[in-house]
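The structure under discussion appears below in the form of structure tokens.
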There are 2 protein chains.
Amino acid sequence: MEDPSPASASLTPVSYLVLGLVARHGSATPYDLKVFAAQSVGNFWSFAHAQLYKEPPRLAEAGLLVEEREESGRRRRIFRITDAGRAALRAWLASGETALGELRAPGLLKLAFAELGGPADAVELARGQVAAHRSQLATYEAFAALPADAMPWSLRRALELGLGYERLQIDFWARLLDDLMAGRVEGAGRVEGEAAGPVAAEPGAG
Amino acid sequence: MEDPSPASASLTPVSYLVLGLVARHGSATPYDLKVFAAQSVGNFWSFAHAQLYKEPPRLAEAGLLVEEREESGRRRRIFRITDAGRAALRAWLASGETALGELRAPGLLKLAFAELGGPADAVELARGQVAAHRSQLATYEAFAALPADAMPWSLRRALELGLGYERLQIDFWARLLDDLMAGRVEGAGRVEGEAAGPVAAEPGAG
DNA sequence: AAGAGACCGTCTCCTTCGGACGGTTTCCAC
DNA sequence: GTGGAAACCGTCCGAAGGAGACGGTCTCTT
């Protein structure tokens, strides 16, 4: 049993990013991809730029893209999408794939263990998160302020989820901060002026 | 210039997960870690179980954990935290590290390129996302329904962010679905009964 | 005492990640 | 025009992460 179709090699999120970006713009060099990505989805989902150089040749080998060469001095690789590539992209868009993804926020991990630190630590964390998410929100808002024709409707919608997400984070951490300051958190001590907290160490099940 | 302290080798999120879990429970075997993780942070942030077997020995080598052996038949490795480990954990909790993380939701990536598919595709996507996030929300709600003393306050708080996140997603996709069905999306066609959509292909800048 | 099923652990392969490094082109001062 | 600074562009590598196949061990039941 051999794979009858090299084009059906497993496609990852990066693959679809590349396919989508090339389809949207007609053609692109890896560098273009890097720039396009940064201006669109890269806002929520960053890709190592090395991937954007490696992926197009892979897709070309699978027949989903074709590669040309610039004639000018730099002789950059220019990629265009093929019918097979369009089909793969359309299949992905049409598939009922509903993977969820995860809430991999470093701040959340830290919060999950905040009971092991002092109350002041949690306060610091919350403050930092509020600030960081506010700044990210500002970035998104600047992007969202672009004229309507600066991006396709779908991307704008995606941006709106990003805005909602940042606002959710800000609200969450701000509320936590309030509760912490007001001593309204059951189990967490009231924050006075202390800086270092205890880390639990009682022996347990082995 | 050499690293004077082997214990200061770079610690990753997995490191802190392990450190935190061991600190919280007093001691743990790698298998315990796997179970503990699944019952707590694993809800939002999953770790490959192989990591939970590899990380403790690494931390032990760095002096942050100590390893014992069960005497019984299976002779499992039991890990406990050291003072250095507690210090590292406390330092992490107290540090103003505020990395943001990203919104790496596969559905979001797909949405960003939805203009390249047909209106029916976006509808399918939205429907699927609503269903998937509703199911995830139900899982979180069941977890949140546990008695107050079933988890530390910090973990419960983290859970609450998870709940908010799922509700945000549900609202977002449900609203998109509504707008799509009502033809209220500028640029997206009204969904009639079509199934396959076009993928843009006009040549552009090279 | 035997076998089923849960429990527990390791290994390997492949991808991703981050970033160091290096070369090229353009532009501007002079 | 020429030198070089600055932006532009591309490749490579080592370390870490992730999926999951595979294998061994214990417990419980009959």
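Basis for what follows: all heavy atoms, side chains included, without hydrogens, waters or symmetry-related copies. Below, read A as the first sequence line, B as the second, and so on, with proteins coming before strands; counting in each chain starts at 1.
- Side-chain atoms of R156(B) come within 3.5 Å of backbone N or O of A144(B) as a donor-acceptor pair.
- Between Y53(B) and dG9(C) there is a side-chain polar atom (N or O) within less than 4.0 angstrom of OP1 or OP2.
- Rounded to whole Å, the distance from NE2 on H49(B) to P on dG18(D) is 13 Å.
- Across the protein-nucleic acid pair, R76(A) atom CZ and dG10(D) atom C1' stand 11 Å apart, rounded to whole Å.
- Rounded to an integer number of Å, the gap from NZ of K34(A) to P of dC8(D) is 9 Å.
- Rounded to whole angstrom, the span from the CZ atom of F47(A) across to the P atom of dT16(C) amounts to 10 Å.
- Between E166(B) and the choices Q136(B), R134(B), H133(B), the side chain to side chain donor-acceptor pair (under 3.5 Å) rule is met once, by H133(B).
- Computed from coordinates, the Q51(A) CD to dC13(D) P distance equals 18 Å when rounded to whole Å.
- With salt bridges taken as basic N to acidic carboxylate O contacts below 4.0 Å, none links R157(A) and E115(B).
- If you measure from atom CG of D32(A) to atom P of dC8(D), you get 12 Å, rounded to the nearest angstrom.
- The distance from atom NZ of K54(B) to atom C1' of dG9(C) is 13 Å, rounded to the nearest whole Å.
- Dashed line: the shortest gap from a side-chain N or O of T12(A) to OP1 or OP2 of dT16(C) is under 4.0 Å.
- Computed from coordinates, the W45(A) CH2 to dC17(C) P distance equals 9 Å when rounded to whole Å.
- At the phosphate of dC17(C), OP1 or OP2 sits under 4.0 Å from a side-chain N or O atom of R104(B).
- Taking a cutoff of 4.0 Å between a charged side-chain nitrogen and a carboxylate oxygen, R175(B) and D178(B) do not qualify as a salt bridge.
- Candidate nucleotides dG19(C), dT15(C), dA19(D) were compared by shortest atom distance to the side chain of R58(A), and dT15(C) ranks first.
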